[in-house]
Amino acid sequence: MLSYLSITSCRVGWANARAKHTLHHFSSRIRQQQQHLKRSAKMKRPQQFDYFLVLDFEATCDDKKKMNPQEIIEFPVLKVNAQTYEIEKEFRQFVRPMNHPKLSHFCTELTSIQQEDVDSAKPFSEVFEDFKEWMEQKVGLDKECLFVTCGNWDLLTMLPSQCALDNLPVPPYCKRWLNIKRSYAIKKGEFVKGMMPMLKGLNLQHIGRHHSGLDDCKNIVNILRALDDLDCMFLPTYYTE
Ligand code: AMP
Ligand code: MG
Ligand code: MG
């Protein structure tokens, strides 16, 4: 009886010691992880902007010939908080092309933009007025903002040529932007052609429909978030004038 009790209590004692050891092991691991998180939170440099304005135009196109002139048909911009990466506001309008009002089959297939979407839309001059008003009222011209695009085409080529067609000036805030492909190249050591390889390289799932301007913007936001996690500092990569 005595020996049975002593064996049992010995077993209980050993089990207790093991449980204590396991508990100690886990709590010290949690402490280590917390310290690591505190350290990385401290080391992470804050972004230098209030907002990122993620923009991705879609425009008239054809598989056989170059459009002349090419015109914007979707104008989406996401206002992203540069500290939390939350999408705080969205501007999105389709645009009615004036020179080639009929979309090619190729264009509809590529962008998923339907003829009805552009037929019922405002022309560029009016959409651009709405966008500028959105910039004033929903973003604030006193805020430090950085446009973010995938490539330079949107703000280097498409916006200036569309503004020239409509005889409108390009606002100063649209003359500076970050080409996200550059940030990706700096972090990953590889300059890629488009958005899809960046998503793959960052193990991100593609969301929505490729070449829908709004969905492309949402994917670019996910790329921004992932690059920020890699401690990427976002600064302008292009200035015009
Ligand atoms: P993206 O931002 O890559 O969706 O493309 C912007 C615009 O570039 C599209 O709306 C088209 O006008 C044009 N584009 C993109 N890919 C192609 C393509 N494979 N062939 C012809 N035009 C294209
Ligand atoms: Mg694009
Ligand atoms: Mg696009």
Side-chain angles (χ1 to χ4, degrees), residues 52-80 87 90-119 121 123-124 127-128 131 146-166 170 174-185 191-202 204-224 226-227 234 236-238 240:
F52 298 123
L53 299 171
V54 178
L55 173 150
D56 186 79
F57 293 137
E58 299 305 326
T60 51
C61 54
D62 203 350
D63 55 343
K64 292 173 202 84
K65 58 179 188 338
K66 200 174 176 296
M67 300 301 297
N68 188 17
Q70 194 173 26
E71 293 165 278
I72 295 174
I73 53 173
E74 185 183 354
F75 194 140
V77 187
L78 297 176
K79 175 192 169 190
V80 179
I87 298 171
E90 172 185 312
F91 177 88
R92 197 256 195 135
Q93 285 195 35
F94 291 113
V95 186
R96 179 152 47 93
M98 307 306 276
N99 289 273
H100 299 99
K102 191 110 188 81
L103 300 183
S104 69
H105 175 69
F106 175 82
C107 186
T108 300
E109 286 289 302
L110 182 82
T111 63
S112 73
I113 298 169
Q114 304 299 308
Q115 187 63 47
E116 308 86 81
D117 295 329
V118 291
D119 283 347
F124 179 78
V127 172
F128 203 44
F131 166 69
L146 180 63
F147 277 92
V148 178
T149 53
C150 180
N152 291 321
W153 171 81
D154 300 80
L155 294 176
L156 184 65
T157 308
M158 196 59 244
L159 185 65
S161 69
Q162 181 73 65
C163 282
L165 271 182
D166 288 271
V170 176
C174 290
K175 293 182 178 178
R176 176 185 79 170
W177 63 91
L178 161 76
N179 172 5
I180 193 71
K181 288 195 266 185
R182 266 190 179 258
S183 309
Y184 180 89
F191 196 89
V192 291
K193 272 198 168 163
M195 188 184 78
M196 293 309 234
M198 281 193 285
L199 291 170
K200 192 160 179 271
L202 293 163
L204 295 171
Q205 211 174 358
H206 176 253
I207 51 167
R209 172 85 147 75
H210 190 198
H211 300 301
S212 145
L214 185 62
D215 288 346
D216 288 351
C217 286
K218 290 177 183 168
N219 283 289
I220 297 170
V221 173
N222 286 341
I223 294 169
L224 267 179
L227 288 173
F234 299 123
T237 55
Y238 215 108
T240 52

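Counting starts at 1 for both ligands and their atoms, in listed order.
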So between Glu58, Met158, Arg209, whose heavy atom ends up nearest atom 5 (O) of ligand 1?
Glu58
From the candidates His211, Gln70, Lys64, the one that places a heavy atom nearest atom 13 (C) of ligand 1:
Gln70
What is the name of the N/O/S atom in [X] that sits closest to the Mg ion (ligand 3)?
X      : result
Glu58  : OE2
Asp216 : OD2
Asp56  : OD2

Looking only at non-hydrogen atoms, find the nearest pair between Leu155 and Phe57 and report the distance.
CD2-CE1, 4.5 Å
With heavy atoms of [X] as the reference, note each atom of ligand 1 found under 4.0 Å away.
X      : answer
Asp216 : 2 (O), 4 (O)
Asp56  : 2 (O)
Phe57  : 2 (O), 6 (C)
Thr111 : 10 (O)
Cys61  : 11 (C), 12 (O), 22 (N)

Determine whether [X] and [Y] make a side-chain contact, defined as any pair of heavy atoms from C-beta on separated by less than 4.5 Å.
X      : Y      : value
Thr108 : Gln115 : no
Thr240 : Trp177 : yes
Val221 : Lys218 : no
Pro236 : Leu146 : yes
Leu55  : Phe91  : no
His210 : Asp216 : yes
Met198 : Cys150 : yes

Starting from [atom], which protein heavy atom do you reach first, and at what distance in Å?
atom                    : result
atom 17 (C) of ligand 1 : Leu110 CD2, 3.8 Å
atom 18 (C) of ligand 1 : Phe106 CZ, 4.0 Å
atom 8 (O) of ligand 1  : Trp153 CH2, 4.3 Å

Measure the acute angle between the ring planes of Phe75 and Phe128, then classify it against the limits of 30° and 60° as parallel, tilted or perpendicular.
tilted
Are His210 and ligand 1 in contact, using a heavy-atom cut-off of under 4.0 Å?
no
Return yes when Thr60 approaches ligand 1 closer than 4.0 angstrom through a heavy atom, no otherwise.
yes
Do other residues, nucleotides or ligands put more than 12 heavy atoms under 6.0 Å from Arg176 CZ?
yes
For Ala59, is at least one N or O under 3.5 Å away from an N or O on ligand 1?
yes
